[in-house]
Amino acid sequence: MIEENTLREFLEVLSSKAPVPGGGGASALGGAMGNALGQMVANLTIGKKRYQDVEDDVRELLERMVRLQQDFVNLADLDAEVFTPLAAAYGLPSGTEEEKAHKDQVMEENLLAASLAPVQIMEKAVEMLDILAELAQKGSRMAVSDVGVGVQFVRASLLGAVMNVYINTKSMKNREKAGELNAYADRMVEEGTKKADAIYSQVLGKLRPQAQS
């Protein structure tokens with residue numbers, strides 16, 4: 001499991017010839033990194049007199065992020081789990097009509113599962129961006145740059161995961177289902193990137209010195 005590995009161990013396996021983890025797991029871990037930065041901002045905000053009026057809101061955001069963090073880690077593992085049977089399905093015999101039909105059915109089932117895991121990563125990324133948008137407004141000003149960094153990690157998580165959706169739906173024979181998944185993923189990309197770019201621009205506006213007139 002991903003959470004049982006050290007960062008060094010994860011990177012060593014990621015950089016090896018091992019089939020998993022790959023881009024999907026890395027995308028989920030990117031979301032987890034952005035989440036962790038969001039939690040840091042929340043923890044730096046809570047308990048500060050200056051932010052008393054928003055402390056309850058930030059505490060609620062922190063609780064959501066703690067749950068999301070585990071979701072990202074679980075999805076990194078799930079992405080690896082669904083790839084294994086898919087890889088095995090490619091090697092199924094297809095010499096007879098019966099074998100071919102069986103292989104097609106198994107492939108379709110596993111391609112769907114392999115598409116749904118990154119879809120879930122995308123859903124969590126979009127949810128995380130909503131939280132970061134609020135933290136950009138209510139979090140400690142001393143840590144606003146960390147909100148911006150977190151946004152970029154989560155944005156990468158979103159855009160990385162969608163490629164894992166596309167690569168699997170591309171091979172699905174059920175083109176109607178593939179189209180539904182692609183359309184849903186497309187909407188999340190559009191919504192998420194707009195949101196991420198808006199938050200990032202807002203953060204940059206707070207960080208960069210104002211131009212002298």
S.K.: Which pairs count as side-chain hydrogen bond (donor to acceptor under 3.5 Å, both in side chains) when at least one residue sits in residues 19-47, sequence neighbours excluded?
M.R.: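 Residue pairs with at least one partner in residues 19-47: Asn35-Gln39.
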S.K.: Rounded to the nearest 0.5 Å, how far apart are CD1 of Ile121 and CE of Met188?
M.R.: 10.5 Å
S.K.: Testing the basics here: between Ala161 and Met122, what is the closest heavy-atom pair and its distance to 0.1 Å?
M.R.: CB-CG, 3.7 Å
S.K.: Closest approach of Val41 and Ala143, non-hydrogen atoms and distance?
M.R.: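 That would be CG2-O, 3.6 Å.
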S.K.: Quick one: which residue pairs count as a side-chain hydrogen bond (donor to acceptor under 3.5 Å, both in side chains) with a foot in residues 142-167, not counting sequence neighbours?
M.R.: Arg155-Asp197, Tyr166-Asp186
S.K.: Any chance CG of Leu14 has more than 12 other-residue heavy atoms, nucleotides or ligands included, within less than 6.0 Å?
M.R.: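 Yes, CG of Leu14 has more than 12 neighbouring heavy atoms, counting only those of other groups under 6.0 Å.
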S.K.: Start with the C-alpha gap between Ile131 and Arg64, add the side-chain angles, then the distance that decides, and say whether side-chain contact (heavy atoms from CB on, under 4.5 Å) holds.
M.R.: CA-CA 8 Å; Ile131 294 173; Arg64 288 174 62 190; 3.7 Å; yes
S.K.: Do the side chains of Leu158 and Val165 join up, straight or via other hydrophobic residues, at under 4.5 Å, putting them in one cluster?
M.R.: yes
S.K.: I need the Asp79 CG to Asn74 CG distance, nearest 0.5 Å.
M.R.: 12.5 Å
S.K.: How far does OG of Ser115 sit from CG of Asn110, to the nearest 0.5 angstrom?
M.R.: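 The distance works out to 10.5 Å.
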S.K.: What heavy-atom pair brings Gly38 and Leu135 nearest, and what distance separates the two atoms?
M.R.: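 Looking at all heavy atoms of both residues, the closest pair is O-CD1, 3.5 Å.
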S.K.: Of the non-hydrogen atoms in Ala125 and Val154, which two are nearest, and what is the gap between them?
M.R.: O-CG1, 3.3 Å
S.K.: If you count heavy atoms of other groups shown closer than 6.0 angstrom to CE of Met107, is the number above 12?
M.R.: yes
S.K.: Going by the side-chain contact (heavy atoms from CB on, under 4.5 Å) test, name the single residue among Leu181, Asn174, Asn168, Thr169 that passes it with Leu112.
M.R.: Leu181
S.K.: Using modelled atom types only, decide if a donor and an acceptor are shared between the side chain of Ser15 and the backbone of Glu12 within a distance under 3.5 Å.
M.R.: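 Yes: the side chain of Ser15 pairs with the backbone of Glu12.
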S.K.: Kindly write out the residues that satisfy side chain to side chain contact (heavy atoms under 4.5 Å, CB included) with Val54, not counting sequence neighbours, or none if the list is empty.
M.R.: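 Val54: side chain to side chain contact (heavy atoms under 4.5 Å, CB included) contacts with Tyr51, Val58, Lys138.
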S.K.: Assigning hydrophobic clusters by single linkage (Ile, Leu, Val, Met, Phe, Trp, Tyr; side-chain heavy-atom cutoff under 4.5 Å), is Leu61 placed with Met128?
M.R.: yes
S.K.: Please report the closest heavy-atom contact between Leu37 and Phe153, naming both atoms and the distance.
M.R.: CD1-CD1, 4.0 Å
S.K.: Please, which pairs that meet salt bridge (Lys or Arg N to Asp or Glu O under 4.0 Å) have at least one residue in residues 100-112, sequence neighbours excluded?
M.R.: Lys100-Asp104
S.K.: Once rounded to the nearest 0.5 Å, what's the spacing between atom CG of Asp77 and atom CZ of Phe72?
M.R.: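 Interatomic distance, Asp77 CG to Phe72 CZ, rounded to 0.5 Å: 14.0 Å.
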S.K.: Could you grab the distance from atom CE of Met65 to atom CD of Glu63, nearest 0.5 Å is fine?
M.R.: 10.0 Å
S.K.: Quick one: closest heavy-atom pair of Val82 and Ala114, and the distance?
M.R.: CG2-CA, 3.8 Å
S.K.: Would you say Phe10 and Leu75 are hydrophobically clustered, going by side-chain heavy atoms of ILVMFWY under 4.5 Å?
M.R.: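 No; Leu75 is not reachable from Phe10 via cluster members.
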S.K.: Would you sort out whether Val203 and Val151 count as a side-chain contact (heavy atoms from CB on, under 4.5 Å), showing the intermediate values?
M.R.: CA-CA 10 Å; Val203 169; Val151 164; 5.9 Å; no
S.K.: Answer yes if Leu68 and Leu129 sit in the same cluster of Ile, Leu, Val, Met, Phe, Trp and Tyr residues linked by side chain heavy atoms under 4.5 Å apart, and no otherwise.
M.R.: yes
S.K.: Hey, is the main chain of Thr6 close enough, under 3.5 Å, to the side chain of Glu9 for a donor-acceptor pair?
M.R.: yes
S.K.: Which residues pass the side-chain hydrogen bond (donor to acceptor under 3.5 Å, both in side chains) test with Lys177, sequence neighbours left out?
M.R.: none
S.K.: Measuring from Asp57:CG to Glu134:CD, what's the distance to the nearest 0.5 Å?
M.R.: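 That separation rounds to 6.0 Å.
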S.K.: Considering residues at least two apart in sequence or located in another chain, which fulfil the side chain to side chain contact (heavy atoms under 4.5 Å, CB included) criterion with Glu191?
M.R.: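 Here the qualifying residues are Val126, Lys195.
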S.K.: With distance as the sole test, does Glu99 use its side chain to make a donor-acceptor pair with the main-chain N or O of Thr96 at under 3.5 Å?
M.R.: yes
S.K.: So, Glu55 and Lys48, do they make that salt bridge, N to O below 4.0 Å?
M.R.: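 Here Glu55 does not pair with Lys48 in a salt bridge, since their nearest N and O are not under 4.0 Å apart.
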S.K.: Looking at Lys194 and Glu190, is there a salt bridge between them, counting it only when a charged N and a carboxylate O are closer than 4.0 Å?
M.R.: yes
S.K.: Applying the 4.5 Å side-chain criterion to the ILVMFWY set and letting contacts propagate, would Leu116 and Leu86 be lumped into a single cluster?
M.R.: yes
S.K.: How about Arg175: does its CZ atom have over 12 heavy atoms from other parts shown lying under 6.0 Å from it?
M.R.: yes
S.K.: Got Gln120 and Leu78 here, is their nearest side-chain heavy-atom distance under 4.5 Å?
M.R.: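 In short, these two side chains touch, coming nearer than 4.5 Å.
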S.K.: Taking the side chain as every heavy atom from C-beta outward, state whether Pro118 and Val162 have any pair of such atoms under 4.5 Å apart.
M.R.: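 No - every pair of side-chain heavy atoms lies 4.5 Å or more apart.
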